[in-house]
Amino acid sequence: MSATRVRLGAPPTPRQQLADLPMRLPLSPGAVAWLATAAGVELPWHRPTTPSLLTTRLSGPGASPPIATDEAARAELRGLGALDRDGRVRPTVLTALAAFARAETTVDVVLVRRLSAGPVSLHAWHRRWGDRVTWLTAAGGAVELGWCGLGHWHAQLTALPAGAQQGPRDRCGPGPRVGLTLPLPLVLGTGTAATEGRADLLEELLSRPDATGETEQLRLLHEGASARLRATVAGHGPAGDRRLGIVSWLRYDDGWRSLTPVHRDGQAFVRVDPVPPTRLGTEVARLLRGVAGR
């Protein structure tokens with residue numbers, strides 16, 4: 001994602017280059033909650049709203065972040081090198097958490113894989129502050145805190161869809177034809193009906209005139225995907241207005257497909273395009289420039 005970065009002055013020193021390298025801390029929910037409390041940072045799954053399934057899985061019903069005397073969390077963090085000998089959070093970790101809290105732009109990724117045993121979800125929250133990026137990733141009750149320089153961000157984003165190509169894919173089917181273009185309301189409506197198991201509504205939508213000749217392609221679009229990825233990019237434009245951009249991908253037996261928005265005669269459509277997993281960083285960079293008004 002170096003295309004969004006402008007360096008002025010002297011080239012980075014070896015120490016700066018080392019500081020830019022990706023760092024990862026695999027943490028328990030209790031340890032990351034303790035760190036967030038110590039740094040005064042709000043975790044993305046601890047919002048003052050109705051608890052979500054993710055909140056419940058990570059923290060337990062009604063759970064609150066551990067207090068500063070939580071010895072189990074401190075022992076875990078000390079073993080990972082996140083605390084110094086006196087039990088204080090190391091400056092590098094505090095800097096990463098500060099970047100997360102003060103983010104200028106955000107990228108939230110949800111990746112859902114459809115396996116025979118049921119769906120498996122991964123949530124990733126990436127935050128950029130200046131030339132620093134910090135992320136939190138949650139999957140299966142485990143959490144990762146990571147950070148890197150802006151130049152390494154592309155690889156971290158690419159790892160998310162690339163990882164979905166590994167392991168069981170036993171519910172993967174053929175996808176729709178490349179270049180398929182459909183009205184956006186039709187894609188959204190049939191997708192909702194398929195997800196909620198509303199066969200009656202799905203059949204009704206498939207009988208509409210704008211679905212004529214594309215019934216089988218619509219079924220492949222929604223039923224053949226083994227994984228779904230959605231990345232929401234947010235930032236503020238030059239006037240301070242909040243702006244959003246979205247990347248939406250589906251994975252089939254021949255790889256990932258992008259649901260690309262297109263406009264015709266003032267109408268919104270979606271085109272199905274093949275896309276390699278390595279392109280996620282490029283797409284996010286494009287949307288980051290858009291939300292910043294560049």
Taking transitive links into account, so neighbours of neighbours count too, which hydrophobic residues share a cluster with [X] at under 4.5 Å side-chain distance?
X	result
V262	F269
V110	V112
W129	none

Heavy-atom closest pair, residues [X] and [Y]:
X	Y	result
A99	R132	CB-CB, 4.3 Å
G141	P29	O-CG, 3.2 Å
P44	L136	CD-CD1, 3.8 Å
V233	V291	O-CG1, 4.1 Å
L221	L250	O-CD1, 3.6 Å
L111	A227	CD1-CB, 4.4 Å

>> Test of understanding: clusters of I, L, V, M, F, W, Y form through side-chain heavy atoms closer than 4.5 Å, transitively. Do Y252 and L220 belong to the same one?
In response: no

> Is it the case that one hydrophobic cluster holds both L188 and L206, taking links as side-chain heavy atoms less than 4.5 Å apart, direct or via other members?
Replying inline: yes

Spacing of [atom1] belonging to [X] relative to [atom2] belonging to [Y], to within rounding of 0.5 Å:
X	Y	atom1	atom2	value
L77	L25	CG	CG	8.0 Å
R243	L288	CZ	CG	12.5 Å
H154	T278	NE2	OG1	6.5 Å
L145	R24	CG	CZ	11.5 Å
T158	E283	OG1	CD	11.0 Å

> Would a 4.5 Å heavy-atom cut-off, applied to side chains only, mark V133 and V107 as touching?
Replying inline: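 SC-SC contact between V133 and V107 ruled out.
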
> Quick one: does L35's side chain get under 4.5 Å of L27's, heavy atoms only?
Replying inline: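 Heavy-atom side-chain distance check passes, below 4.5 Å.
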
>> Between W256 and L229, is the side-chain contact (heavy atoms from CB on, under 4.5 Å) condition met? List the steps.
In response: CA-CA 10 Å; W256 286 96; L229 181 147; 3.9 Å; yes

Identify, with sequence neighbours excluded, every residue that meets side chain to side chain donor-acceptor pair (under 3.5 Å) alongside [X].
X	answer
W249	none
D86	R88
R177	E214
S258	T260

>> Before you tell me yes or no, could you show the steps for R257 and L180 under side-chain contact (heavy atoms from CB on, under 4.5 Å), namely the whole-Å CA-CA distance, both residues' side-chain angles and the distance that decides it to 0.1 Å?
In response: CA-CA 11 Å; R257 306 280 179 86; L180 174 69; over 6 Å; no

> Quick one: side-chain contact (heavy atoms from CB on, under 4.5 Å) partners of L201, sequence neighbours excluded?
Replying inline: A193, R198, E204, L205

> What pairs with A101 under side-chain contact (heavy atoms from CB on, under 4.5 Å), at least two apart in sequence or on another chain?
Replying inline: V41

> What do the steps show when you test T190 against L182 for side-chain contact (heavy atoms from CB on, under 4.5 Å), and what is the final call?
Replying inline: CA-CA 11 Å; T190 53; L182 297 166; over 6 Å; no

> Does a salt bridge link D84 with R78, judged by any charged N lying under 4.0 Å from a carboxylate O?
Replying inline: no

> Has the side chain of E76 got a donor or acceptor atom that lies under 3.5 Å from a matching backbone atom of S28?
Replying inline: yes

>> Name the residue from L287, L157, L259 that meets the side chain to side chain contact (heavy atoms under 4.5 Å, CB included) definition with V247.
In response: L287

> Which residue pairs pass the salt bridge (Lys or Arg N to Asp or Glu O under 4.0 Å) test when at least one of the two sits in residues 229-238, sequence neighbours left out?
Replying inline: none

>> Once side-chain hydrogen bond (donor to acceptor under 3.5 Å, both in side chains) is applied, what residue pairs with a partner in residues 98-111 remain, sequence neighbours excluded?
In response: E104-R128, T105-R128, D108-R127

> How would you list, by chain and number, every residue that makes a ring-ring contact (aromatic ring centres under 6.0 Å, His included) with W147, sequence neighbours excluded?
Replying inline: none

>> Classify the ring geometry of W45 against W125: parallel below 30°, tilted from 30° to 60°, perpendicular beyond 60°.
In response: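 Because their plane-to-plane angle lies in the 30° to 60° range, the rings of W45 and W125 count as tilted.
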
> Given the rule in the side-chain contact (heavy atoms from CB on, under 4.5 Å) test, do T134 and L97 qualify, once you have shown the distances and angles that lead to the verdict?
Replying inline: CA-CA 7 Å; T134 302; L97 290 170; 5.6 Å; no

